[in-house]
Asks: 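Sharing a structure with you now.
Each ligand, and each atom within it, is numbered from 1 in the order the structure gives. Note that the numbering runs from 1 along the sequence shown for the chain.
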Amino acid sequence: MDGTLVPREQAVVSVFDHGVLYGDGCFEGIRAYHGRIFRVGAHIDRLFASAEAIRLKSPYSREQWIDAIRTTLNANGLTNAYIRVVMTRGVGTLGLNPFRCPAPTCFIIADSISLYPPALYESGMKVITARRPRNLPAALDPSIKSLNYLNNILAKIEAIDAGVLEAIMLNHEGFVAECTGDNIFFVKGGRVVTPAASAGLLVGVTRGFVLQLCREMGLPCEERLFRIEELRQADEVFLTGTAAEIIAVSQIDDDVIGSGTIGPVTRRLTEAFRARVASHAPED
Ligand code: PMP
């Protein structure tokens, strides 16, 4: 918390913190595998990009953040972990003005996470298409990983109401953007496709790593715009995210995808991903 290790009970923020009052701030979710912090450099770069987009200045350098993440992992005796890094606008007055908050509140949590039941990684999971569109980039750019996640949470509630765990979100023009907490890919005729950043999405670190794996494995891949109809007719659909890693989609609304279970390309990518993070997870 703000540069010092504290026990869990003392890790608290003020009710006057603008992170709490307005969701004003930004964050990252990062994984560690066997003591290596997966693409921590990319995560901290994204944290800094999010902060800059909301005119929040980090009191710590990139290196200081990375050191503090390692310290927090070690203090918790963790080698495999889920790490949450948060930087809020800080404590201020009861008004929106962010510049009346003298210093950001910064904290790092190192814990574990299990997002989806393990069996779903074999069977694939059902998802729905959310009725609610993803935030309009000109209003609140989804590439900013801000503490304001209500757009995603309201779509997640649609998913839970429908008895599933994730929802596909379309942009205001009806193009597929991403899911509430994961990026989305499809496979058709051996080609791997994911929405281009211009669809209005969080440019996921896992998404980037999967695109890199595709290139290394010689799988043709592309980033472009597409509509939900194309996704429904795909051979395979899968989601990516720090917490989710890679998970197959078996059904979208009432449409079964491909064979209705994890497909061969998704399986190859999952195996390559697991092998890479098990042996020597890249930290840059
Ligand atoms: N989209 C959204 C909205 C997310 O919250 C996340 C999780 N951070 C992702 C995509 C996946 O990004 P990453 O692979 O960097 O975790």
Asks: E166 and T180: side-chain donor and acceptor closer than 3.5 Å?
Replies: yes
Asks: More than 12 heavy atoms of other residues, nucleotides or ligands under 6.0 Å from CZ of R100: yes or no?
Replies: no
Asks: Which atoms of ligand 1 have any heavy atom of T206 under 4.0 Å away?
Replies: 13 (P), 14 (O)
Asks: Heavy-atom count check: over 12 atoms from other residues, nucleotides or ligands less than 6.0 Å from E222 CD?
Replies: yes
Asks: Which heavy atom of the protein is the closest neighbour of atom 8 (N) of ligand 1, given with residue, atom name and distance?
Replies: K145 NZ, 2.7 Å
Asks: Nearest protein heavy-atom contact for atom 16 (O) of ligand 1: which residue, which atom, what distance?
Replies: T242 OG1, 2.6 Å
Asks: Does either side chain, that of E229 or that of Q233, offer a donor lying less than 3.5 Å from an acceptor on the other one?
Replies: no
Asks: Would you check the N or O atoms of R134, main chain and side chain alike, for any that come under 3.5 Å of an N or O of ligand 1?
Replies: no
Asks: Any luck finding a side-chain donor-acceptor pair between D141 and S143 under 3.5 Å?
Replies: yes
Asks: Which of the atoms of ligand 1 are close to G204, meaning less than 4.0 Å from one of its heavy atoms?
Replies: 12 (O), 13 (P), 14 (O), 15 (O)
Asks: In this structure, does ligand 1 have an atom that sits under 4.0 Å from one of the heavy atoms of V203?
Replies: no
Asks: Fit a plane to each ring of F185 and F238, take the angle between them on a 0 to 90° scale, and name the class: parallel (under 30°), tilted (30 to 60°) or perpendicular (over 60°).
Replies: parallel
Asks: In ligand 1, which numbered atoms sit nearer than 4.0 Å to a non-hydrogen atom of V205?
Replies: 13 (P), 14 (O), 15 (O)
Asks: Checking the N or O distance criterion of under 3.5 Å, is ligand 1 in contact with G241?
Replies: no
Asks: Below a 4.0 angstrom heavy-atom separation, can you tell me which part of N152, side chain or backbone, both or neither, approaches ligand 1?
Replies: side chain
Asks: Looking only at distances, can you tell me whether any N or O atom of Y149, backbone or side chain, sits closer than 3.5 Å to an N or O atom of ligand 1?
Replies: yes
Asks: Only heavy atoms count here, so choose which of E178, M169, E245, H43 is nearest to atom 10 (C) of ligand 1.
Replies: E178
Asks: Take a 6.0 Å sphere around OH of Y149 and say whether it holds more than 12 heavy atoms from other residues, nucleotides or ligands.
Replies: yes
Asks: Could you tell me whether the side chains of Y22 and D17 share a donor-acceptor contact shorter than 3.5 Å?
Replies: no
Asks: To the nearest 0.1 Å, how far is atom 9 (C) of ligand 1 from its closest protein heavy atom, and which atom is that?
Replies: G181 O, 3.5 Å
Asks: Counting non-hydrogen protein atoms only, what is the nearest one to atom 11 (C) of ligand 1? Give residue, atom name and distance.
Replies: N183 OD1, 3.6 Å
Asks: Assess whether atom CZ of R62 is packed by more than 12 heavy atoms of other residues, nucleotides or ligands within 6.0 Å.
Replies: yes
